[in-house]
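Here is how names work: the chains are called A, B, and so on, in the same order as the sequence lines, proteins then strands, and each is numbered from 1.
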Amino acid sequence: MKSNVQAMLSKALDTLVSKGVLPSLPTEESIQVERTRDPGHGDFASNCAMTLCKSAGMPPRDLAQQIVDALPGSHLVQEVTIAGPGFINFRFSATAWQAEIRRVLEEGPRYGTSQLGLGKQVLVEFVSANPTGPLHVGHGRHAAYGASLANLLDAVGFNVRREYYVNDAGRQMQILGLSVWLRYLELQGVKLAFPENAYRGDYVLDISRQLQEQHGDALVRDVSGLPSVAEAEDKESALSALIAAARDLLGEDNFRSAQDLALNSILDDIRDDLSEFGVVYDRWYSEHSLAENGAIDRALQKLQANNHTYVKGGATWFRASDLGDEKDRVVIRENGQTTYFASDIAYHLDKRERGFDLLLDVLGADHHGYVARVRAGLEAMGEPPASLEVKLVQFVSLFRAGKKEQMSTRSGQFVTLRQLRDEVGNDAARLIYVMRSNDQHLDFDLELAKTQSADNPVYYIQYAHARVASVARQLQEKGYRWDPEAGLSALHRLDNEHEAALMKTVTRYPETVELAAVNRAPHMLVHYLRELANDFHTYYNAHQFIVTDQPLRDARLSLVNSARQVIANGLGLLGVSAPDNM
RNA sequence: GCGCCUGUAGCUCAAGGGAUAGAGCAUCGGCCUUCUAAGCCGAGGGUUGCAGGUUCGAAUCCUGCCAGGCGCGCCA
């Protein structure tokens, strides 16, 4: 609907340019069209007369009049007025809204999709949590946000792939392997002091039991000579020393097998968890594989070839500060090992080489410092820096009955995503997670989400959907049948304020999906759906749908079914179910 | 110290530079012999952290303060 107004304005402005009223063709941005907030201002408004009045050299209202005079005729538009400082307000005819309701029913699940993205290849990478333990509630927000965003981009015509970057290399994995082995030793009756900075969660013990099943007592060693972490001043260094000693004692293959068992077990769990949450990936990309297939070397060679590296203190540095980062970054350590950052730029280069135009990373707010360096890395390797877009997701604070819960993976004291899903359900979790802007801290109160009251917007929206389904059941009981075509032909019978309001809100859906996609803001869709549900509930309370007057009945059923369709489509993008019964 | 995010109703948050800043919760008052009351209607509640600036117009953009969160490793 909005695009109709844009097309008309664009044509009128063309005319004014050819008449010499306007100096040059205005940019797309200066032809803004929005829905009005106040129905007294019509349905759509444009501020173009005010933004263009300077270049035309006349007062905004005079220019507005010229634009209005140049507008092509349209059967959709009932009235065009000039108001306030120079707004051009469009009021649509009743038939325009009715035609759009017909479109909703005809397009069904496809209603709201568009070709805005022109098939551009987008890789959305999200969650990518270290596979060192189960996902917790913070990861859940990333999952819900990333999945909804990917769905939105898909809907507006981008070619979207979803990817999880598996950090299966490096120190954290070694700490995990060590933790599993130490717990295994405890299971074997070996007395030891479990390091406080190793992984202490129950899931480690579960994996240790698996290790026991596979290896029996074959991995038991005399650990009396192992270095102690508890008494050390620098606990992290002591832990590294302990890992090194354990690998010596156990042998590389055995240590590796403990580590791999842990990795695979946790990764399977994460995969199941996300899949149950409705979050499915096209690919799980292993960090380890980057080293194995030489991708890291290739990326580093590219940096070197472009003269973006130097050696200092035995380490190889990337000159990131030349490209907007605050300081230079190590890519190869003094000990010859490449850094996590080296893997990361190799991974991003690989994404580009796989043909993705846009690399969309969803990261935790604590990773913001690393955006500049990855972008610098891409630029140094000859890729456009703008090809990387990062959306930072702020933290989730979990509350239980008003009390804040602490979360830490290593200490094992945290609420997992699975626990959360069990408590509040997938639907409530998915919706509450994306209800707020990603830039906003999220307070997630478990008790509140569980109450199944009106506090919880998911029920409010789903209830609207279920009510339409319930009307359909009642209809059948009363021996009636909804004739969609008859209903669409009788839409002119829908003339009360509630019907007009619902119709207009329904037709706002495609614009909302585009806005939410372009702004990377699923929460805009949530707010819209709440509003739509509100308009429906109001209508439901004010009027009976199942009336004896058949054309009116069919028309009302067509309208509420268009609302049902849009709610189903919108909830679908958010990964929330649209139940027929509640 | 530097960087990113945030500051809007009692609480949690919306608001593409637009017209009189809106929702939910909470509070108060109404609506079930009628398609699901997980609903609807109404009322009260605001110096958009503070001070300047940009312009026809600022919660929104810029500058400076104040407050909160997070980050600033040859960890990942």
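Across all strands, A:Val33 comes closer than 4.0 Å to base atoms (heavy-atom distances). Contact annotation for A:Tyr540: base contact, defined as any heavy-atom pair under 4.0 Å involving a base atom. Counting any heavy atom pair closer than 4.0 Å across all strands shown, A:Ser343 reaches no nucleic acid atom. Among the heavy atoms of the strands lying under 4.0 Å from A:Glu326 are primed sugar atoms or P, OP1, OP2 only; no base atom is included. A:Ala464 comes within 4.0 angstrom of no nucleic acid atom, judged by non-hydrogen atoms across all strands. Backbone-only engagement by A:Glu287 is indicated by non-hydrogen atom pairs under 4.0 Å involving sugar-phosphate atoms exclusively. Using a 4.0 Å heavy-atom distance criterion, A:Arg467 is classed as a sugar-phosphate-only contact. Among the heavy atoms of the strands, none lies under 4.0 Å from A:Asn438. When heavy atoms are screened at a 4.0 angstrom cut-off, A:Leu392 is found touching the sugar-phosphate backbone but no base atom. Residue contacts for A:Ser470: at a heavy-atom cut-off of 4.0 Å it reaches a base atom on one of the strands shown. Using a 4.0 Å heavy-atom distance criterion, A:Asp168 is classed as making no nucleic acid contact. Within the nucleic acid shown, A:His543 comes within 4.0 Å of at least one base atom, counting heavy atoms only. Residue-level contact check: A:Asn581 touches the bases, meaning some heavy atom is under 4.0 Å from a base atom. Using a 4.0 Å heavy-atom criterion, one finds that A:Ala169 contacts the sugar-phosphate atoms exclusively.
Within the 4.0 Å cut-off from OP1 or OP2 of B:rC35, not a single side-chain nitrogen or oxygen of A:Lys478 is found. At the phosphate of B:rC41, OP1 or OP2 sits under 4.0 Å from a side-chain N or O atom of A:Thr538. For the OP1/OP2 pair of B:rC75 and a distance below 4.0 Å, the side-chain nitrogens and oxygens of A:Arg333 include at least one atom meeting the criterion. For B:rG18, the OP1/OP2 oxygens have no side-chain nitrogen or oxygen of A:Arg37 closer than 4.0 Å. Note on A:Tyr460: a side-chain N or O is less than 4.0 Å away from OP1 or OP2 of B:rC40. Look at A:Asn534 and you'll find a side-chain N or O under 4.0 angstrom from OP1 or OP2 of B:rC40. Of the side-chain N and O atoms in A:Gln394, none sit less than 4.0 angstrom from OP1 or OP2 of B:rC4. Listed pair A:Lys2 / B:rG16 fails the phosphate criterion, with no side-chain N or O lying under 4.0 Å from OP1 or OP2.
Side-chain proximity of A:Gln544 to B:rC35, B:rC74, B:rC13: nearest is B:rC35. With B:rA19, B:rC35, B:rC75 as the choices, the nucleotide that has an atom nearest any side-chain atom of A:Arg171 turns out to be B:rC75. Nearest nucleotide to the A:Met582 side chain, out of B:rG73, B:rC35, B:rA38: B:rA38. Out of B:rA19, B:rA14, B:rG69, the shortest distance to the side chain of A:His441 is found at B:rG69. In this structure, of B:rC74, B:rG18, B:rC70, it is B:rG18 that holds the atom nearest to the side chain of A:Pro85.
Across the strands present, B:rU48 finds no partner; the criterion is a Watson-Crick or G-U wobble pair with both atom distances under 3.5 angstrom. Base pairing annotation: B:rA67 forms a Watson-Crick or G-U wobble pair with B:rU6, both donor-acceptor distances under 3.5 Å. Nucleotide B:rA43 is matched to B:rU27 when pairs are restricted to Watson-Crick or G-U wobble geometry with both distances under 3.5 angstrom.
A donor-acceptor pair under 3.5 Å is absent between the side-chain atoms of A:Asn47 and the main chain of A:Met50, judged by distance alone. A:Ser179 contributes a side-chain N or O that, together with a main-chain N or O of A:Ile175, makes up a donor-acceptor pair within less than 3.5 Å.
Put simply, the side chain of A:Arg520 reaches to within 4.5 Å of the side chain of A:Tyr145, judged on heavy atoms.
Judged by ring centres under 5.5 Å apart and planes tilted less than 30 degrees, A:His41 stacks against the six-membered base ring of B:rA19. Taking the 5.5 Å centre cut-off and the 30° plane limit, the aromatic side chain of A:Phe395 is not classed as stacked on B:rG69.
In this structure, B:rC32 shows a glycosidic angle within 90 degrees of zero, which is the syn conformation.
Atom name P, nucleotides B:rC28 and B:rA19: the rounded distance is 34 Å, in whole Å. Between the P atoms of B:rG53 and B:rA59, the separation comes to 15 Å (whole Å). Using atom C1' as the reference point in both B:rA21 and B:rG17, the two lie 14 Å apart (nearest Å). Spacing of C1' atoms, B:rA9 relative to B:rG16, comes out at 24 Å, to the nearest Å.
Annotation: A:Tyr370 is not in aromatic contact with A:Phe341 [ring centroid separation under 6.0 Å not met].
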Where do A:Lys2 and A:Glu514 land on the salt bridge (charged side-chain N to carboxylate O under 4.0 Å, His left out) test, with the steps shown first?
CA-CA 11 Å; A:Lys2 192 174 91 174; A:Glu514 285 196 4; 5.9 Å; no
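Checked options A:Arg508, A:Arg35, A:Lys504; the residue passing with A:Asp43 is A:Lys504 (criterion: salt bridge (charged side-chain N to carboxylate O under 4.0 Å, His left out)). Here the rule is side-chain contact (heavy atoms from CB on, under 4.5 Å) with A:Val513, and of A:Leu116, A:Leu152, A:Val518 only A:Leu152 fits it.
The base of B:rG71 does not come close enough to the side chain of A:His367 for any donor and acceptor atom to sit less than 3.5 Å apart. A donor-acceptor contact under 3.5 Å links the side chain of A:Asn47 to the base of B:rG18. Between the side chain of A:Asn541 and the base of B:rG39 there is at least one donor-acceptor pair of N/O atoms closer than 3.5 Å.
Counting non-hydrogen atoms of neighbouring residues, nucleotides and ligands closer than 6.0 angstrom, the CD atom of A:Gln474 exceeds 12 such neighbours.
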